[in-house]
Amino acid sequence: MNYNGLRLKAEVDRVDFELLDGNGFRVAWDDKPKGKRVTDYQNHRQVFAQIIQPALTGEAKGVRPTYIEIALDLWGDRTAVLPFLAELVANSKLPLPEVRAFLPFRQQREHARRKGDTAKLSKHHELLETLQAGGTLYMGNQREWCGCKKSPVSVRAYWKETDGQDKGQAIDLRAEQHRGRFEVVIQCDGLTDVGLSGTDWQAWTAWSVTNAAKLFGQLIPEAPGSPLPC
């Protein structure tokens, strides 16, 4: 398939921070004991002025990121974007153990999948069919799930038609904003692996997102329909 018409854009989409006291121990952030989530991350100056600086009072002396979400958005016709997304997953160099699928509730019965189904998807056409059915592909665990710990690095791939929630309901995007998304989350030991081990705001602003480029690395693709590496 010809992918020349696709447009790609990578950005840091979400960062979670925790506050630290003078000894490097976590302290509560307002009513959130585990920290603050910053979505639609624009730039360091804006985030510091509006979110970080007002929180650095009392025993709170420092801040560090605990979760980074990097999004690679793919813009173009859905019939071209979804095969490209499937290839990004199939050819990922990340040493993650399996690809899982999740389908929205309205499609689970039709496609005979249950929420939380952990069966491996082992062929390219299975990845593509899941995306075409409105599903999401997962590698690794973004959060603790079914007794499994969070993964240092995890991946999601899906066709994005909503963004955020309002009173528990997903907010629909305009049709021209629909796009594919290949999303890499870095947390826990994964932060050290990409060179982010500092415990202050300066360490975070000095870090370059290009340090995480290896997480988007691709194997040389095999023939379409080849089994994924185990």
Roughly how far, to the nearest 0.5 Å, is [atom2] of [Y] from [atom1] of [X]?
X      : Y      : atom1 : atom2 : result
Ile52  : Arg45  : CD1   : CZ    : 15.5 Å
Leu219 : Leu94  : CG    : CG    : 9.5 Å
Cys188 : Asp193 : SG    : CG    : 11.0 Å
Thr66  : Arg26  : OG1   : CZ    : 8.5 Å
Asp163 : Asp40  : CG    : CG    : 6.0 Å
Leu85  : Leu128 : CG    : CG    : 9.5 Å

Do you know which two heavy atoms are closest between [X] and [Y], and how far apart they sit?
X     : Y      : result
Ala86 : Leu131 : N-CD1, 3.8 Å
Pro65 : Leu191 : O-CD1, 3.6 Å
Gly76 : Leu6   : CA-CD2, 4.0 Å
Ala49 : Pro54  : O-CD, 3.5 Å

In a table with atom names and distances, give each donor-acceptor pair under 3.5 Å that connects a side chain of residues 204-213 to protein atoms at least two apart or in another chain.
| unit_1 | atom_1 | unit_2 | atom_2 | d |
| --- | --- | --- | --- | --- |
| Trp204 | NE1 | Tyr41 | OH | 2.9 |
| Thr205 | OG1 | Trp201 | O | 3.3 |
| Thr205 | OG1 | Gln202 | O | 3.1 |
| Trp207 | NE1 | Val194 | O | 2.8 |
| Ser208 | OG | Thr210 | N | 3.2 |
| Ser208 | OG | Thr210 | OG1 | 2.7 |

Please tabulate, one pair per line, all N/O donor-acceptor pairs under 3.5 Å involving side-chain atoms of residues 14-25, not counting sequence neighbours.
| unit_1 | atom_1 | unit_2 | atom_2 | d |
| --- | --- | --- | --- | --- |
| Arg14 | NE | Asp16 | OD1 | 3.0 |
| Arg14 | NH2 | Asp16 | OD2 | 2.7 |
| Glu18 | OE2 | Arg64 | NE | 2.6 |
| Glu18 | OE2 | Arg64 | NH2 | 2.9 |
| Asp21 | OD1 | Asn23 | N | 2.8 |
| Asp21 | OD1 | Gly24 | N | 3.1 |
| Asp21 | OD1 | Phe25 | N | 2.9 |

Let me have the donor-acceptor pairs involving side chains of residues 168-182, under 3.5 Å, with sequence neighbours excluded, atom names and distances please.
| unit_1 | atom_1 | unit_2 | atom_2 | d |
| --- | --- | --- | --- | --- |
| Arg174 | NE | Glu176 | OE2 | 2.8 |
| Gln177 | OE1 | Arg174 | N | 3.2 |
| His178 | NE2 | Leu173 | O | 3.2 |
| Arg179 | NE | Asp73 | OD2 | 2.9 |
| Arg179 | NH1 | Gln177 | O | 2.8 |
| Arg181 | NE | Asp73 | OD1 | 2.7 |
| Arg181 | NH1 | Asp13 | OD2 | 3.3 |
| Arg181 | NH2 | Asp73 | OD1 | 3.3 |
| Arg181 | NH2 | Asp73 | OD2 | 3.0 |

Residues which pass salt bridge (charged side-chain N to carboxylate O under 4.0 Å, His left out) with Lys36, listed by chain and number, not counting sequence neighbours |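 Scan of Lys36 (salt bridge (charged side-chain N to carboxylate O under 4.0 Å, His left out), adjacent residues dropped) gives Asp30.
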Can [Y] be reached from [X] by stepping across I, L, V, M, F, W or Y side chains whose heavy atoms are under 4.5 Å apart?
X     : Y      : result
Leu8  : Tyr158 : no
Trp75 : Tyr3   : no
Val38 : Val63  : yes

[X] vs [Y] side-chain heavy atoms within contact, under 4.5 Å:
X      : Y      : value
Phe84  : Val81  : no
Arg37  : Ile51  : no
Pro152 : Ile186 : no
Lys150 : Asn141 : no
Ile70  : Phe216 : yes
Leu72  : Leu88  : yes
Val89  : Met139 : yes

Asn43 side chain to Gln46 backbone, donor-acceptor under 3.5 Å =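 Yes.
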Around atom CZ of Arg78, are there more than 12 heavy atoms of other residues, nucleotides or ligands at under 6.0 Å?
->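 Yes, because the 6.0 Å sphere around CZ of Arg78 holds more than 12 heavy atoms from other groups.
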side-chain hydrogen bond (donor to acceptor under 3.5 Å, both in side chains) filter on Asn4, not counting sequence neighbours, yields Asn2
Set of residues satisfying side-chain contact (heavy atoms from CB on, under 4.5 Å) with respect to Val185, sequence neighbours excluded =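 Checked Val185 against side-chain contact (heavy atoms from CB on, under 4.5 Å); matches are Tyr67, Glu69, Gln142, Ser154, Gln187.
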